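For ligands, and for the atoms within them, numbers begin at 1 and follow the listed sequence. In this chain, numbering begins with 1 at the start of the sequence shown. For clarity, every value in this text was computed on a predicted model and none was experimentally measured.
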Amino acid sequence: MSNIQSVLHETRVFNPTDDFVKQANVSGMASYRAMCDAAAKDYAGFWANLARETILWHKPFTRTLDESKAPFYKWFEDGELNVSYNCLDRHLATQPEKNAIIFEADDGKVTKVSYRELHGRVCQFANGLKSRGIKKGDRVIVYMPMSVEAVVAMQACARIGAIHSVVFGGFSSKSLHERITDAQAVAVITADGQFRGGKAMALKPAVDEALSLGGCKAVHTVIVYRRTGGEVQWDDNTNVWWHDLFNSQPSACEPEWVGAEHPLFILYTSGSTGKPKGVQHSTAGYLLGTMVSLQWVFDYKPSDIFWCTADVGWITGHSYVAYGPLAMGATQVIFEGVPTYPDAGRFWKMIQDHKVTTFYTAPTAIRSLIKLGGDLPKQYDLSSLRLLGTVGEPINPEAWMWYYTVVGQSRCPIVDTWWQTETGCHMIAPLPGAMPIKPGTCTLPLPGIMATIVNEAGDEVHDQHGGFLVIKKPFPSQIRTIWGDPERYKKGYFPEEMHGAYLAGDSAHRDEDGYFWIMGRIDDVLNVSGHRLGTMEIESALVSNPLVAEAAVVGKPHEIKGEAVVAFVVLKGSRPADAAAAKKLAEELRNWVGKEIGPIAKPDEIRFGENLPKTRSGKIMRRLLRAVAKGEEITQDVSTLENPAILEQLKEVIK
Ligand code: WTA
């Protein structure tokens with residue numbers, strides 16, 4: 001990506017201010033190094049101490065790390081706890097009236113929920129789940145808009161030991177169906193619809209459709225939260241309104257104590273095959289990761305107003321909305337709407353109104369807000385801010401500098417956090433009171449995270465050319481397995497060449513200070529607006545259209561989204577006769593992909609060829625297609641190409 005190339009020459013360094021250092025949870029590089037040394041000296045002891053200090057255990061653990069069945073690691077295995085107890089009950093004695101959630105709806109209406117109230121609601125809903133026969137170990141799909149209720153649903157599952165699998169509301173009924181059947185869920189929690197940008201959009205029909213696709217016999221309950229008041233189809237046997245289930249229940253519910261390794265949730269993410277993988281997380285290790293990263297990376301203070309803009313449908317919304325901030329007893333903002341409604345000043349107005357201190361968002365959001373109103377932040381009082389964060393994709397230096405100077409007024413450190421659905425919490429990120437920061441690098445690994453860069457043989461590389469990003473030692477918050485597919489987990493993340501290290505799937509290099517610079521994915525995964533999309537998933541969606549014979553999908557750099565999706569399509573019949581026909585068909589196929597996967601996966605561009613460029617052995621030449629998509633001159637050897645003439649067809653951009 002051109003952004004990354006320009007980042008390679010970045011030399012600006014920003015030190016934390018004295019004031020920031022003075023108040024920081026970890027002050028100065030020496031403190032950071034001391035923590036890293038402690039972890040290096042006694043790795044298990046380092047994590048065991050943190051787990052004892054941070055988590056409230058129902059039954060203390062005696063064993064820290066079990067590596068006997070590596071890479072199926074177990075942490076704190078004989079300990080017992082409950083995540084919802086750690087997020088809610090623990091605060092009742094000390095700060096029951098503190099706001100847990102400040103919810104701002106799409107239309108600007110604000111609702112505040114204290115820890116006492118949230119605890120009551122979670123207990124009530126947990127009792128509701130139990131009244132429907134949902135119990136420990138059952139899988140429950142959550143397909144909801146951003147709302148207090150989405151958090152209540154997740155926490156209530158955790159309270160009774162049910163395993164939730166949140167599906168982002170922007171996914172289609174097909175994607176939802178795939179997840180319901182893979183997880184063999186017994187219940188779906190949803191809403192009639194959601195508000196976004198002043199419009200009501202239905203959600204429930206996607207659930208109805210998903211369930212009608214077959215294979216969902218285990219689903220005995222569909223709980224529907226009434227949000228928009230829109231018409232819904234109703235099946236008396238399985239459907240129940242949230243309020244009907246909820247209102248009759250007592251507001252106390254004894255938590256289900258579970259073992260440390262009990263799965264807290266499954267979250268599906270894209271990989272390099274067509275089938276999304278159900279990333280399974282543990283209870284204790286995951287909780288620990290979210291909590292320590294809030295303390296270290298977000299420098300969490302009880303007086304903070306924390307705002308992570310991610311949807312709970314993604315891992316960021318799990319770790320830094322639904323769990324981490326509550327476990328720390330924070331007050332957090334949750335936002336239903338979109339950053340551009342009623343105008344591109346919405347985020348800045350909300351920071352001003354709620355006196356947000358810590359703001360965490362994605363580079364793609366920053367880039368689009370610069371474009372729509374680079375001066376808008378100046379119209380708002382952003383003096384409450386003390387720390388900014390980014391996640392999901394590399395941030396280009398221009399966007400970084402704008403975020404730093406215009407939003408943060410050169411006062412707030414930026415934590416560029418590298419991590420993944422699989423890692424559960426931040427892995428490489430600044431400890432803002434310790435590290436000097438530079439635009440475009442996520443800096444150094446968290447204490448206790450043994451990240452490094454290796455070559456194809458799994459040997460560490462120390463030069464600046466880079467290689468594969470790996471984590472050498474198991475860590476508490478990591479993925480435990482892929483739901484129902486342990487082999488894929490083992491092969492995908494711990495291939496033999498890596499000698500037991502966790503292969504992240506990203507390439508990176510290090511600069512002279514040892515700072516990590518993430519270059520991008522090494523597999524067929526695209527990063528579009530900070531969302532992971534598998535090229536194979538989009539290809540199979542295209543090929544499932546009756547008109548399509550073959551498809552290849554690649555990424556190309558995009559100013560706002562980071563990466564755009566370009567699809568090369570071979571039709572069963574002949575190529576479209578003219579530009580108008582091509583345009584019409586391209587639109588049809590884009591909508592098709594929207595229906596198959598979800599609007600986020602719609603190709604930005606579709607091009608038609610009579611064939612795809614293949615080697616004589618029949619392999620699609622993806623590198624060549626990437627060059628074609630970018631409009632680069634073809635310098636590659638195309639002599640092995642079966643039919644060089646089709647290259648000209650594939651260069652044609654449909655306008
Ligand atoms: C990318 C999101 C550069 C990376 C938390 C990773 C990043 C994938 C950064 C995981 C960052 C995430 N800088 N790239 N700070 N953070 N990525 O699972 O390619 O949705 O592998 O988790 O996003 O995406 P996921």
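For the residue pair Glu537 and Ser270, a side-chain donor N or O sits within less than 3.5 Å of a side-chain acceptor on the partner. Side-chain N/O atoms of Thr358 and Tyr300 include no donor and acceptor closer than 3.5 Å. Looking only at atom types and distance, the side chain of Ser293 has a donor-acceptor partner in the side chain of Tyr320 under 3.5 Å away. Under 3.5 Å, the side chains of Ser319 and Thr290 contain no donor-acceptor pair of N or O atoms.
A donor-acceptor pair is defined here as one N or O able to donate and one able to accept, closer than 3.5 Å; no such pair exists between the side chain of Thr481 and the backbone of Trp483. Listed for the Arg411 side chain is a donor-acceptor partner under 3.5 Å among the backbone atoms of Leu385.
Ligand 1 is surrounded by Ile315, Thr316, Val391, Gly392, Glu393, Pro394, Asp416, Thr417, Trp418, Trp419, Gln420, Thr421, Asp506, Ile518, Arg521, Asn527, Arg532, each with at least one heavy atom closer than 4.0 Å.
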